[in-house]
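Positions are given from 1, in the same order as the sequence printed here.
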Amino acid sequence: HVVNEEGDIKSENAYLNRSFKMERTNWTEIEFILQGLSEYPRAEKFLFVICLVMYLVILLGNSTLIILTLLDARLHIPMYFFLGNLSFLDIWYTSSFIPSMLIHFLSEKKSISFTRCVVQMSVSYTMGSTECVLLAVMAYDRYVAICIPLRYSIIMSKALCIQMAALSWGLGFLNSLTETILAIRLPFCGKNVINHFVCEILAFVKLACTDISLNEITIMLGNVIFLFSPLLLICISYVFILSTVLRITHVTVVTVFYGTILFMYMKPKSKDSAFDKLIALFYGVVTPMLNPIIYSLRNMEVHGAMRKLMTRLFWEERMRNLHL
């Protein structure tokens, strides 16, 4: 009887091991459920309208800035080169998750495949990390322009601007690649409900049925490198800038962007809440919408470029009508 019990236990353990291996082997077949605010359907419909309007503003504002920067020679300077990068980044960042999020707001089935989830998580993490570095680069550009204006054109050469932008994108990609590889190597054993609007990395790794200490340490290290270090450089730059002239535009975006992310990722562990999800939605949607408005659409140079473009389009249309 004892022998039979031992045999049953061994058989059960073998079955569990096979099941665990099968679960890990077929991880690409996992389908996740994005919980979002499913318990508040009216709130989701309200968020759908708000996020749709903001997304359209993001696309219109950032696309307009990119077009103006490319067409007007007066905007071919380092500041607008970096602003063009920021606008391009914001379009990709928001497009990686807002369209699917809008669909899920109105859909009863809020599922997403493992592959789509990983791609969404990786792209949004790349863009977020890149923006952290790019904002620091832009602060340095403003520091040189305001505090060392006579040497600005020499220091901020075309080659240096390209190198700094490439460094921002490269560091963002490497950070995302590291976090994503560590996340997808985790075993998932049945739990498939992500307590978020989108595939956010912290919500993703919490589904793993193993110790995630390495992932948490890596994310914390990434936060130090991509949040505190750029924020420190920005603060140092603006100490010098504020001693020269009071400028608050870049400070506004920096405060909104870094403040909300630091609240999300550096606060003590707590139970997931609707408030945390709304904070994540705030820095993911509101900041990209504010960037073109705060940085450029209030700038006289951009106004001049806009008028020039509209005038040219008006006369081209008028000449076309005359020929007809």
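Note that CE of Met138 and CZ of Phe81 are 11.5 Å apart. Values are rounded to the nearest 0.5 Å. Interatomic distance, CD1 of Ile67 versus CG of Leu75, reported as 13.0 Å (0.5 Å rounding). Rounding to the nearest 0.5 Å gives a distance of 9.5 Å between CD1 of Ile184 and OG1 of Thr115. Considering OG1 of Thr69 and NE2 of His76, their distance stands at 7.5 Å, rounded to 0.5 Å. Atom CD of Glu31 sits about 8.0 Å away from atom CG of Asn192, to the nearest 0.5 Å.
Proximity of Phe82 to Met156: side-chain heavy atoms (C-beta onward) are separated by under 4.5 Å at one or more points. Inter-residue side-chain proximity for Leu89 and Trp169 is flagged as met; some heavy-atom pair is nearer than 4.5 Å. Residues Tyr143 and Ile148 are in side-chain contact: their nearest non-hydrogen atoms beyond the backbone lie under 4.5 Å apart. The closest side-chain heavy-atom distance from Phe88 to Asn62 is not below 4.5 Å. Counting heavy atoms from C-beta on, the side chains of Leu47 and Phe105 come closer than 4.5 Å. You'll find the side chain of Leu34 stays beyond 4.5 Å of the side chain of Phe197, heavy atoms only. You'll find the side chain of Asn175 reaches within 4.5 Å of the side chain of Tyr125, heavy atoms only. Annotation: side chain of Ser96 is not in contact with side chain of Met127 (no heavy-atom distance under 4.5 Å).
Here side chain to side chain donor-acceptor pair (under 3.5 Å) pairs that include residues 47-60, with residues two or more places apart or in two chains, are Tyr55-Ser95. Contacts classified as salt bridge (Lys or Arg N to Asp or Glu O under 4.0 Å) and involving residues 112-125 (residues at least two apart or in different chains) are not found.
Shown here for Cys51 and Leu102, the closest heavy-atom pair between the two residues is CB-CD2, 3.8 Å. The two residues Met121 and Ala183 make their nearest non-hydrogen contact at CE-CB, 4.3 Å. Taking both residues in full, the closest heavy atoms of Gly172 and Thr130 are given as CA-OG1, 3.5 Å, listed atom of the first, atom of the second, then distance.
Without hydrogens or angle criteria, Thr94 side chain to Ile91 main chain gives a donor-acceptor distance under 3.5 Å. Judged purely by atom type and a 3.5 angstrom limit, Asn215 uses its side chain to pair as donor or acceptor with the backbone of Leu182. In this structure, the side chain of Ser168 engages the main chain of Met164 through a donor-acceptor pair within 3.5 Å. A donor-acceptor distance shorter than 3.5 angstrom exists from the side chain of Lys110 to the backbone of His104, with no hydrogens or angles considered. Although no hydrogens or angles enter the test, the distance criterion places a donor-acceptor pair under 3.5 Å between the side chain of Ser176 and the main chain of Ser122.
Aromatic ring pairs are classed by plane angle as parallel below 30°, tilted from 30° to 60° and perpendicular above 60°; the pair Tyr93 and Phe97 is perpendicular.
Judged by distance alone, the side chains of Asp141 and Tyr152 do bring a donor and an acceptor atom under 3.5 Å apart.
In Phe48, the CZ atom is crowded: over 12 heavy atoms of neighbouring residues, nucleotides or ligands sit closer than 6.0 Å.
Under the salt bridge (charged side-chain N to carboxylate O under 4.0 Å, His left out) criterion, Glu179 pairs with no residue at all, not counting sequence neighbours.
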